[in-house]
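Heads up: the structure comes next, in structure tokens.
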Amino acid sequence: MKIAMGNDHTAVELKNIIKAFVEEKGYEVIDLGTNSAESCDYPVYGEKVGRAVASGEADLGIAICGTGVGISLAANKVKGIRACVCSEPYTAKLSKMHNNSNVLAFGARVVGSEMAKMITEEWLNAEYEGGRHQRRVDMLAEIENRN
Ligand code: RB5
């Protein structure tokens, strides 16, 4: 399974920690940058992650900025993306099981590396339940289509 990862300058160190963590678990990572500490713009990297997932180049995405908010907003502008900012594992797990999230976002200034690993692990291990949730996920796509 391929995971697209993108981040801004605030999150290079955490991205590398999470990248190594998921690679150890057997996932292939497509690193979309940035890999520089120089100030950059989170929308660029959020869109890259969103496009990689929406196009099928990657199965899932992980997006990290200072808070996780900006980069998730950018990823969510790409049609078909359901990016969720998660600061703890419970929300991450439920975002996959109920909302079929396909991009996980978190903040390098919000969570430490061990919490980020737990969030990532719960999210990757969770499976979308479908069933009663599918109608609501379909409604999200309908909103996207009429706006
Ligand atoms: C960069 O200073 C910061 O604004 C960015 O990483 C992110 O937190 C935005 O949502």
Side-chain angles (χ1 to χ4, degrees), residues 1-25 27-128 133 136-147:
M1 186 177 280
K2 291 184 188 171
I3 300 179
M5 292 191 72
N7 57 282
D8 73 2
H9 55 286
T10 68
V12 177
E13 189 182 343
L14 185 57
K15 187 270 300 288
N16 285 328
I17 291 169
I18 298 303
K19 182 179 172 182
F21 181 70
V22 298
E23 282 176 342
E24 272 170 27
K25 294 184 177 302
Y27 295 92
E28 184 182 331
V29 171
I30 303 169
D31 186 348
L32 299 170
T34 183
N35 283 303
S36 163
E38 199 174 311
S39 182
C40 65
D41 300 321
Y42 59 77
V44 172
Y45 298 95
E47 183 179 8
K48 281 179 191 278
V49 171
R51 289 177 72 99
V53 174
S55 70
E57 185 193 350
D59 301 286
L60 295 169
I62 298 178
I64 320 171
C65 64
T67 59
V69 173
I71 203 159
S72 67
L73 290 173
N76 275 320
K77 297 296 179 191
V78 179
K79 195 169 183 178
I81 295 303
R82 291 173 301 279
C84 300
V85 187
C86 299
S87 299
E88 35 71 31
Y90 179 79
T91 305
K93 181 176 179 173
L94 270 289
S95 81
K96 180 79 87 60
M97 290 171 67
H98 290 189
N99 314 111
N100 200 14
S101 59
N102 49 13
V103 173
L104 170 67
F106 44 80
R109 291 172 173 163
V110 179
V111 297
S113 59
E114 291 308 308
M115 179 61 90
K117 285 181 192 173
M118 288 179 74
I119 292 167
T120 300
E121 185 160 36
E122 286 293 321
W123 185 69
L124 289 174
N125 289 342
E127 283 185 23
Y128 177 50
H133 302 293
R136 296 158 185 160
V137 171
D138 287 345
M139 288 170 75
L140 296 175
E142 284 163 23
I143 294 170
E144 207 168 48
N145 287 334
R146 47 167 201 271
N147 287 279

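Just so it is clear, the structure is predicted and the values come from calculations on it, not from any experiment. Both backbone and side-chain heavy atoms feed into the values below; hydrogens, waters and symmetry mates do not. Counting starts at 1 for both ligands and their atoms, in listed order.
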Rounded distance (nearest 0.5 Å) linking atom CD of Glu13 with atom CD1 of Ile64: 11.0 Å
Could you check whether any side-chain heavy atom of Met5 comes within less than 4.5 Å of a side-chain heavy atom of Ile30, counting everything from C-beta outward?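 Not touching, per the 4.5 Å side-chain cut-off.
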Okay, side chain of Asp8, backbone of Asp41: is any donor-acceptor separation there less than 3.5 Å?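 No, the answer is negative, given that no donor and acceptor are paired below the 3.5 Å cut-off.
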Asn99 and Ser101: side-chain donor and acceptor closer than 3.5 Å?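 Distance-only check fails for Asn99 and Ser101.
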Ignoring hydrogens and angles, state whether a donor on the side chain of Lys93 or Asn125 is under 3.5 Å from an acceptor on the partner side chain.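 There is no such pair between these side chains.
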If you measure from each non-hydrogen atom of Asp8 to ligand 1, which part falls under 4.0 Å: side chain, backbone, both or neither?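 It is the side chain that gets close, since no backbone atom is under 4.0 Å.
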Could you check [atom] against the protein and tell me its nearest heavy-atom contact, residue, atom and distance included?
| atom | value |
| --- | --- |
| atom 8 (O) of ligand 1 | Thr67 N, 3.0 Å |
| atom 10 (O) of ligand 1 | Gly70 N, 2.9 Å |
| atom 4 (O) of ligand 1 | Tyr42 CE2, 4.5 Å |
| atom 1 (C) of ligand 1 | Arg109 NH1, 3.8 Å |

Parallel, tilted or perpendicular: which one describes the rings of His133 and His98, with boundaries at 30° and 60°?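 The arrangement is parallel - the two ring planes meet at less than 30°.
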Checking the N or O distance criterion of under 3.5 Å, is ligand 1 in contact with Gly66? yes
So is His9 polar-close to ligand 1, meaning N/O to N/O under 3.5 Å? no
